[in-house]
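The chains referred to below are lettered A, B, ... by the order of the sequence lines, with proteins before strands, and numbering in each begins at 1. Computation of the quantities below employed the complete heavy-atom set of this structure, encompassing side-chain atoms and omitting hydrogens, waters and symmetry-equivalent molecules.
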Amino acid sequence: MPERPTLDGLEQRWSAVWEREGAYRFDRGAPRERVYSIDTPPPTVSGSLHVGHVFSYTHTDAIARYQRMRGMEVFYPMGWDDNGLPTERRVQNHFGVRCDPLVPHDPSFAPPAEPSEKEPVAISRPNFVELCLRLTETDEQAFEQLWRTLGLSVDWSMTYTTIGEQAQRISQRSFLRLLESGEAYQLEAPTLWDVDFQTAVAQAELEDRERQGAMHRVRFAAAGGGPDALIETTRPELIAACVAVLAHPGDERRRELVGTELQTPLFGTRVPVLTHPLVDPEKGTGLVMVCTFGDLTDVVWWRELSLPVRSVLGPDGRLLEVPWGAPGWESADVERAVASYAELQGRTVNQARRRSVELLEQSGDLVGEPEPVTRPVKFFEKGERPVEIITSRQWFIRAMEHREQLIAAGRELSWHPPYMRARFEDWVQGLSGDWNISRQRFFGVPFPVWYPIDESGAVLHEQPITAREEQLPVDPSTDVPDGYEPRQRGQPGGFAGDPDVMDTWATSSLTPQIAGHAGEDEDLFARVFPMDLRPQAHDIIRTWLFTTILRSQLEYGTLPWRNAAISGWVLDPDRKKMSKSKGNVVTPMHLLEEYGADAVRYWAASGRPGTDTAFDPKQMKDGRRLAVKLLNASKFALADLPPEGEAVTHPLDSAMLARLAAVVAEATASFEDYDYARALERTERFFWWYCDFYLELVKGRRYDASPHAAASVSRALRLSLSVFQRLLAPFLPFVTEEVWSWWQEGSVHRAPWPLAEELAAAAAGAGRNGEEMALAVTADVLREVRKAKTQARRGMRAPVRRVVVRDTAQRLQALELGSDDLVAAGAIELLEPVEDEEFAVEVELAPDPSG
RNA sequence: GGGCGCGUAGCUCAGCUGGUCAGAGCACCUCGCUUACACCGAGGGGGUCGCCCGUUCGAGUCGGGCCGCGCCCACCA
């Protein structure tokens, strides 16, 4: 035991020991019922971890450590989510490159010495992927270092990456099985599209952002005998793509209009006036134009009313060339349509919108001034321009038809906290389509599929050639399907590889399978799946949690885990969410260095499950105080401790142990309920009381030279310290390991979780009653004595000539049980009990020798 | 528009199934270097528990209605 215990250096020392001794190594031989498996969130590897990560991963680690001490064999792997857009973006900026699948592979490629963001070098997909792998590997090492410093009890031998070969194999295998069972399918259909990344995106990746816009009132002239009509739109640039005008079926004012035809302004295209119940007769003019496609409602109308497609928007977000006069593009005045459209073609949506307004003004079809409006617009969450809807070929996984099953699954799952289930159900009920899993990107898991090309050069998408499971993982852009030669790639009569990659959620929805080595190591998988716990934040319920349940339901017909522990976010001091784009993120390494890992973990563990928590370094100071206190209290209790007796015989000792037993019971119940914060709070609160009162009260006996006097307190101190060290171990792994090592064999993190029953049994050793009251009264009197000394401006060791305690007979009797300790702790010469109804204490201090 | 959560001392928050629950830490003030700890200890001031009804012998604690904040979802033309 060190002379002056310190927290400094504990992280390095003990993490090295844990690594060396395999303290957190998962025992693959453990039977399933003794395994506690965790589906750790693989953090996105694209830069650095921030305090939000530290926050939620600490919660999981506390639970993992608790379960381990409960005797469970904890399966706690780490994963790195390194595939997907964030990595691509980072690689582009970091190396000054961009991926161009048409560029051939250059085996001797080296990234530019001076990266230029403005003029990136176009490189091949294999070269690009190499750079992605290189950069993520560096990041992953830094992440691992941070996690080790934080003290996560991860088994680092089980680490996986979502771009790794095994993850690819498992993803592709799962995809092929879904294709086989009909749960995955390909479809050419209107798809949510990001025009900057030029890829499809999923409903789950959308977010609303408030944007300024304008409402334009536009005249559509009658094409036959009916009246003109006015519609309102925020997207006049899409008039060329208008395929119908709609009214509500019950709208009397529009009765004579319905069934007639109108002509679009500028282009003179005839469009029918139809009805649909989704039209709001109160909104705008009560008439709405349907375009292919302006928003998701357009898609609904288009589908349900079997309208034609007139697409004007290209994948790059610019207006396409369209064949005016050709079938589908008829016009009453083709020349005018061509002239009008020439003003728009090739322009971006915003440019085309401004020009359209000018054209409408000139033609007199714009009625009144455009009215500024602020409205929510859908964005890809990582995107910078609004999503558009573009028709393209994509892979989907069926979700719509499984909604009831998914909701039932959600009800079977134990949510912590329980109210988070509502978010899941809201989301499932609001699903508007199946899950689009294909992305027109590069750094991801490819679809293990090729297509035949017929003699005319057409790609036969409806006859996919699938890879054999033994071939996996395959990259169809370089690998060749059975029965073909490499030279047949892209040739008539040859084949074409599917160019897309899977969305990152399509891979991470399989983390239980990837971590558990599904299909690779069935013995392991059977021991860990379904898993016990999915910890994650609430913002990805609709993505990660939802898709993981979906995949597990489709492939195994079971929940992927029994419990979902949902953590909140870390908010900055202004209660705003920390995010890179806001620039208010706090990186954790310097916090770990300044306060120590245990202190940072203390702050994190104080955040209740599911609750957003403000970033607060003050609480880290509190955590540090607690750790230091444990260090010193342990030293006091254990250093040169006299031999302990057979049993706890002193009333105050057994009363303290009885209280501690209750705390153990409460902490245990809290942990069982995944409420680590409550477990910590109860433990901590009692620990401070223990230091302030119990340790002070028993000092006299503890230092007593006669073994007889110290026997009981020695035993009680050892018992209680051992319990405190273990109760705090899930939260403060470093300092608890340090103090444990002073007097115990092995790691505290493999020690058994304390049992309330054992303590209660030890506390009963005195075999008397009234111990609890003795402790309460003794503490009450001690507080009064301290108050008197403080008010007299004297030190706590100042001698007291006389203390008169007025109280009920019962309490005075109890006081007698603890009076020896009280007299010693208060330096009291004479303790005088006086029976009374009201508790009152008179303290007569000895004269101050210093004057 | 629907749903969820939150509103308790200046700040961050505990208060689980109604009756020592009006609390903790920080901050503030005063005192004390007492042999575990000055990275400390002792003590103090400070709140009509968002508002209004109701249930009850009794309500931060339950029910209803408001107000405010935050988040999620929504077919937001």
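Of all nucleotides listed (rA36(B), rG25(B), rA77(B)), rG25(B) comes nearest to the side chain of R625(A). With distances taken from any side-chain atom of V628(A) to the nucleotides rC39(B), rC71(B), rU30(B), the minimum falls on rC39(B). Closest approach to the D622(A) side chain among rC26(B), rA74(B), rA14(B) is made by rC26(B) (side chain taken as heavy atoms from C-beta onward). Between rA77(B), rG43(B), rC26(B), one nucleotide has an atom nearer to the side chain of T790(A) than all others, and that is rG43(B). Closest to the side chain of K635(A), out of rA36(B), rA42(B), rU30(B), is rA36(B). Between rA36(B), rG41(B), rG15(B), one nucleotide has an atom nearer to the side chain of N632(A) than all others, and that is rA36(B). Taking the side chain of M796(A) as heavy atoms from C-beta on, and the options rA42(B), rG15(B), rG44(B), the nearest nucleotide is rA42(B). Of the listed nucleotides (rC26(B), rA74(B), rA77(B)), rA74(B) has the atom at the smallest distance from the side chain of D208(A). Of the listed nucleotides (rC75(B), rA36(B), rC71(B)), rA36(B) has the atom at the smallest distance from the side chain of L695(A). Checked against rA14(B), rC73(B), rC16(B), the side chain of R542(A) finds its nearest nucleotide in rC73(B).
As judged by a 4.0 angstrom heavy-atom cut-off over every strand, R217(A) is placed among residues making no nucleic acid contact. Residue-level contact check: E696(A) touches the bases, meaning some heavy atom is under 4.0 Å from a base atom. Among the protein residues, R624(A) comes within range of the nucleic acid bases, having at least one heavy atom under 4.0 Å from a base atom. Residue contacts for R608(A): at a heavy-atom cut-off of 4.0 Å it reaches the sugar-phosphate backbone alone, with no base atom in range. Within 4.0 Å (heavy atoms only), C691(A) reaches at least one base atom of the nucleic acid. The residue K283(A) sits close to a base: some heavy atom pair falls under 4.0 Å. Contacts of Q203(A) with the nucleic acid, taken as non-hydrogen atoms under 4.0 Å apart, involve only primed sugar atoms and P, OP1 or OP2. Nucleic acid contact class of G430(A) (heavy atoms, under 4.0 Å, all strands): sugar-phosphate only.
The existence of a salt bridge linking D673(A) and R678(A) is excluded, since no basic side-chain nitrogen approaches an acidic carboxylate oxygen closer than 4.0 Å. Look at D8(A) and R624(A) and you find a salt bridge, because one of the NZ, NE, NH1 or NH2 atoms lies within 4.0 Å of a carboxylate O, short of that distance. Of the charged side-chain nitrogens involved, none lies within less than 4.0 Å of a carboxylate oxygen, so that R235(A) and D295(A) do not count as a salt-bridged pair. A salt bridge is absent between R217(A) and E371(A); no separation between the charged side-chain nitrogens and carboxylate oxygens falls under 4.0 Å.
Q810(A) CD: 12 or fewer foreign heavy atoms inside a 6.0 Å radius.
Atom CG in D612(A) sits roughly 13 Å away from atom P in rG7(B) (whole-Å rounding). Separating the CD atom of E738(A) from the C1' atom of rA36(B) is a distance of 15 Å, rounded to the nearest angstrom.
Dashed line: the shortest gap from a side-chain N or O of K789(A) to OP1 or OP2 of rG32(B) is not under 4.0 Å. Of the side-chain N and O atoms in R702(A), none sit less than 4.0 angstrom from OP1 or OP2 of rU35(B).
On the P atoms, rU12(B) is 15 Å away from rG70(B), given to the nearest whole Å. Here the separation of rG15(B) from rG60(B), taken at their C1' atoms, is 8 Å to the nearest Å. Taking the P atom of each, rC29(B) and rG19(B) are spaced 37 Å apart, rounded to whole Å. For the P atom pair drawn from rG43(B) and rU48(B), the interatomic distance equals 25 Å after rounding to whole Å. As rounded to the nearest Å, rC71(B) and rC13(B) have P atoms that lie 15 Å from one another. rC26(B) and rG46(B): their C1' atoms are spaced 14 Å apart (whole Å). Between rC6(B) and rU61(B), the distance separating the two P atoms is 13 Å to the nearest Å. Here, rG32(B) and rG50(B) have their C1' atoms 42 Å apart, quoted to the whole Å.
rC13(B) and rG23(B) make up a base pair, with Watson-Crick or G-U wobble contacts both under 3.5 Å. Both distances falling under 3.5 Å, in either a Watson-Crick or a G-U wobble arrangement, place rC31(B) opposite rG41(B). Here rG54(B) sits opposite rC62(B) as a Watson-Crick or G-U wobble pair (both hydrogen-bonding atom distances under 3.5 Å). Across all strands shown, rC49(B) forms no Watson-Crick or G-U wobble pair with both key distances under 3.5 Å. For rC71(B), the paired base is rG3(B) (Watson-Crick or G-U wobble, both distances below 3.5 Å).
A residue-by-residue look at Q791(A) and R685(A) shows that R685(A) has its nearest nucleotide of RNA chain B further toward the 5' end. Each of F693(A) and L431(A) lies near RNA chain B, and the nucleotide nearest F693(A) is the one positioned closer to the 5' end.
Taking the ring axis of F693(A) as reference, the NZ or CZ atom of R786(A) stays within 45° of it and closer than 6.0 Å to the ring centre.
W743(A) and Q725(A) share a side-chain donor-acceptor pair at under 3.5 Å.
If you check distances only, the side chain of D426(A) does reach the base of rG2(B) with a donor-acceptor pair under 3.5 Å.
If you look at W415(A) and F424(A), their ring centroids are closer than 6.0 Å.
rG44(B) has its base anti relative to the sugar, with a glycosidic angle deviating from 0 by more than 90°.
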